[in-house]
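Note that ligands are numbered from 1 as they come in the structure, with each ligand's atoms numbered from 1 the same way.
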Amino acid sequence: MDREFPPDFLWGAATASYQIEGAVAEDGRTPSIWDTLCRRPGAILNGDTGDVAADHYHRWPEDLDHIVRLGLDAYRFSIAWPRVQPHGSGPFHQAGLDFYARLVDGLLERDIKPVITMYHWDLPQELEDAGGWPVRDTALRFEEYAYGIVAALGDRVHTWTTLNEPWCSAYLGYSSGVHAPGRTEPAAALAAVHHLNLAHGLGGRVVRELAPHAQLSVTLNLHVVRPDNPESAADRDAVRQIDALANRAFLGPMLDAAYPADLLADTASLTDWSFVRPGDEQIIAVPLDTLGVNYYSTQRVTRWSGEGPKAASDGHGASEHSAWPAAQTVEWLEQPGPYTAMGWNIDPGGITELLLRLHAEYSALPLMITENGSAFHDVVSPDGAVHDPERTAYLRDHLNAVAEAREKGADVRGYFVWSLLDNFEWAYGYDRRFGIIRVDYDTQVRTWKDSAHWYQQRVAGAHGAA
Ligand code: FCB
């Protein structure tokens, strides 16, 4: 039985620029850190790159029509910084701004609300060459970038989201190195955490100033981390330590205007956090209209005894370098299945737990599921259809789990499936397919999977109930 959502609930789908656009060298776009990482041998599965991706840069009108056919209220996408400000500072590039203006207008003409992520990981390479997120200047450059794009698109945008998953940018980009720019410097990763937070605050202030009628948001991939043995104080402390690095490093400054004391203490061997300057935390705590939540799976930790091999099933890709600064004694245990093609465990209860935690801690802040979905090794049937019952079940069960959280009080305002289209899944290239619409990468033909038909019906049912 499908649970109910209110009539004004926002139904959507999400994508990100580097994952779908392609056209990486067109109309003045310069390389981002992902173009560079894609050229590093062994960094991306099968040597894939975002050069063509789903060719959305040329096929966007067709893609918007799919969104209309799905019956969605909103579309979440991101702006490629190197397309609109090729050097990461200084002049803006009109052709790049025009592309996003056409996209926004195309959505509005179709009665779809644009939800824009300013930064979904494609930092201009020139800014990485100047130090990247570990240096403060990158946050100041982000503020300038925000001025340019909000001035161009402003109030036509329903929601401005400053950052997508700063956790990944900081820790996968600078500690484990599985994401761009592929650096393995844990202390630099902590500086990146702060400068991403600062960029969020500075960019948020720009939205408040230039687009006072738009909603302001940020999207976090908060982790649902459970102790292996809830009776063990050591395991509970491992959860506390990971919760600080994964969740409170962002929630603390953004929502409480302060970094948590235990985070600073746990990481003291790496940094004294002197890059946090007086007043920064107040900037970071810019008031938000919604908090974006991305959710895929859960994790389980224990305090490692120091003997024998240490499990590292944190779900964040294989690297000799940990994504978790100063957390060498935390062991990540494999979760019970079932699993998706990412190897991530399927646990809809985790999304309910996360939403209820946020509701308990920040009851006045509305929540939005900005990503939820699953990769499976899809097969095209002889009749041309893609029967993906696991993906449909995943979406159905997680939506019901969101509804359960709502029934228990969580103020969840919308849900965006990840993803509208199959796309470039970062270090996994095109091997992992998250779309509800299949992309044939040889022909660029889009085919609705069964899950897309199901989602269309689900959304129609919810709207009809209105
Ligand atoms: C999230 C990213 C998104 C996509 C999904 C599967 O971490 O925000 O771009 O790759 O995971």
>> In this structure, does ligand 1 have an atom that sits under 4.0 Å from one of the heavy atoms of M342?
In response: no

>> I need the atoms of ligand 1 closer than 4.0 Å to a non-hydrogen atom of F434, numbered in the order shown.
In response: 6 (C)

>> Give the atom numbers and elements of ligand 1 that come within less than 4.0 Å of a heavy atom of H120.
In response: 2 (C), 3 (C), 8 (O), 9 (O)

> Of the protein's non-hydrogen atoms, which lies at the shortest distance from atom 7 (O) of ligand 1, and what is that distance?
Replying inline: E165 OE1, 2.5 Å

>> Between F9 and W11, is the ring centroid distance below 6.0 Å?
In response: yes

> So, does N164 sit close enough to ligand 1 that a heavy atom of it is under 4.0 Å from the ligand?
Replying inline: yes

> Who's the nearest protein heavy-atom neighbour of atom 3 (C) of ligand 1, and how far?
Replying inline: E371 OE1, 3.3 Å

> Counting each atom of ligand 1 from 1 as listed, which ones have a heavy atom of W426 under 4.0 Å away?
Replying inline: 3 (C), 4 (C), 9 (O), 10 (O)

>> Please list, in number order, the atoms of ligand 1 under 4.0 Å from a heavy atom of Y296.
In response: 5 (C), 6 (C), 11 (O)

> Testing T161, N164, V150, L163 for side-chain contact (heavy atoms from CB on, under 4.5 Å) with M118, which one passes?
Replying inline: V150

>> Between D256 and R248, is the salt bridge (Lys or Arg N to Asp or Glu O under 4.0 Å) condition met? List the steps.
In response: CA-CA 10 Å; D256 300 318; R248 290 181 287 114; over 6 Å; no

> Which class fits the ring pair Y430 and Y441: parallel under 30°, tilted 30 to 60°, perpendicular over 60°?
Replying inline: tilted

> Tell me: protein heavy atom nearest atom 10 (O) of ligand 1, and distance?
Replying inline: E425 OE1, 2.7 Å

>> Applying salt bridge (Lys or Arg N to Asp or Glu O under 4.0 Å) as the test, list every pair that has at least one member in residues 418-430; sequence neighbours left out.
In response: D422-R433, D422-K449

> So which pairs with a foot in residues 65-75 pass salt bridge (Lys or Arg N to Asp or Glu O under 4.0 Å), sequence neighbours left out?
Replying inline: D65-R110

>> Centroid separation under 6.0 Å, is that true for the rings of W332 and H316?
In response: no

